[in-house]
Amino acid sequence: MTKKKWLTMGVSVLALSALLLSACGTKDGGGSASEGGKSAASASVLDEIKSRGKLVVGVKYDTKLFGLKDPASGKVEGFDVDIAKALAKQIVGDENKVELKEVTSKTRIPMLDNKEIDMIIATMTINDERKKQVDFSDVYFKAGQSLLVKKGSPIKSIADVKKGTKVLAVKGSTSVDNIKQKSPDATVLEFDNYQDAFSALKAGQGDTLTTDNAILYGMAAQDSNYEVVGDPFTDEPYGIAIKKGEASLLTAVNDGLKSLQTSGDYNKIYEKWIGKVPSK
Ligand code: GLU
């Protein structure tokens, strides 16, 4: 079952290639920045990036496979981090010209608003509510919400999450709203980040942890006593978020994503982080 889900994700990469190649920047990604939206006097974010000579990207530090900080080396690594480096190469000509800053699900939009970061590449689902606050690139990864449990748990799927079930989730994520909608009688406990939520699950503070399957597989890979159960019960298409109205940056990001597809670099990054994760 778990294996099959990874295969499904693999297949979706092929679908994604077609999607990125055919996207015109305003369809699935929802990028709706209007050309000419900026006044001539204020420099665009793309101009600022180019004159500064580096990209400042908000990534997760708590999410294995996507953005995880190794406390020993201080290095932050993952799929999103590699996408950030690849875009730095496209936009400023050098994959090392990228400064990573930690975001959580809750802090990422405020940090973008405050201009602390140029963009968010942090397991962020594109949805209509968020589109009111930010512009999104085309979809660069497809996930779906699922459940992580201790092996042997009576919870086998979303149908088993009901009154009395304690569900752990992270503040500011779509996962919280989705689980409240799917299982309105369950008790949802919210944490600041994914490592805290996972520690709480291990400490027995909840029956299941819910978020995107791809993130949960990263946790299961950290501790083999835990497994992902049931089929995904939502669609979580990831997009890169930028400030609204930055048409030139949106075009640069989408062009960058498209050329990662055509060069095969996207598939290499996918294989490196996602393709080789053991399914059990
Ligand atoms: N993709 C979901 C979201 O954007 C869950 C992962 C996260 O918290 O970043 O909210």
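Please read all numbers here as calculations on a predicted model, not as lab measurements. Indexing begins at 1, ligand by ligand and atom by atom, following the structure's order.
Asp82 and Tyr270 share no donor-acceptor pair across their side chains, judged by distance under 3.5 Å alone. With no hydrogens or angles considered, a side-chain donor-acceptor pair links Ser105 and Lys60 at under 3.5 Å.
Salt bridge status for Asp128 with Lys131: present, with a side-chain N to carboxylate O gap under 4.0 Å. With respect to Lys244 and Asp135, a salt bridge is recorded, a charged nitrogen being found less than 4.0 Å from a carboxylate O.
Contact residues for ligand 1 (protein heavy atom closer than 4.0 angstrom to any ligand atom): Lys60, Ser105, Arg108, Ala122, Thr123, Met124, Thr125, Arg130, Ser173, Thr174, Ser175, Tyr194, Thr211, Asp212, Ile215, Tyr238.
Results of the ring pair (Phe, Tyr, Trp, His ring centres under 6.0 Å) test with Phe79 over Tyr238, Tyr217, Phe66 single out Phe66 as the only residue that passes.
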Inset, instruction - Any chance you could lay out the salt bridge (Lys or Arg N to Asp or Glu O under 4.0 Å) test for Glu190 and Lys180, step after step, and finish with the verdict? - result: CA-CA 12 Å; Glu190 297 179 40; Lys180 285 183 177 169; 3.4 Å; yes
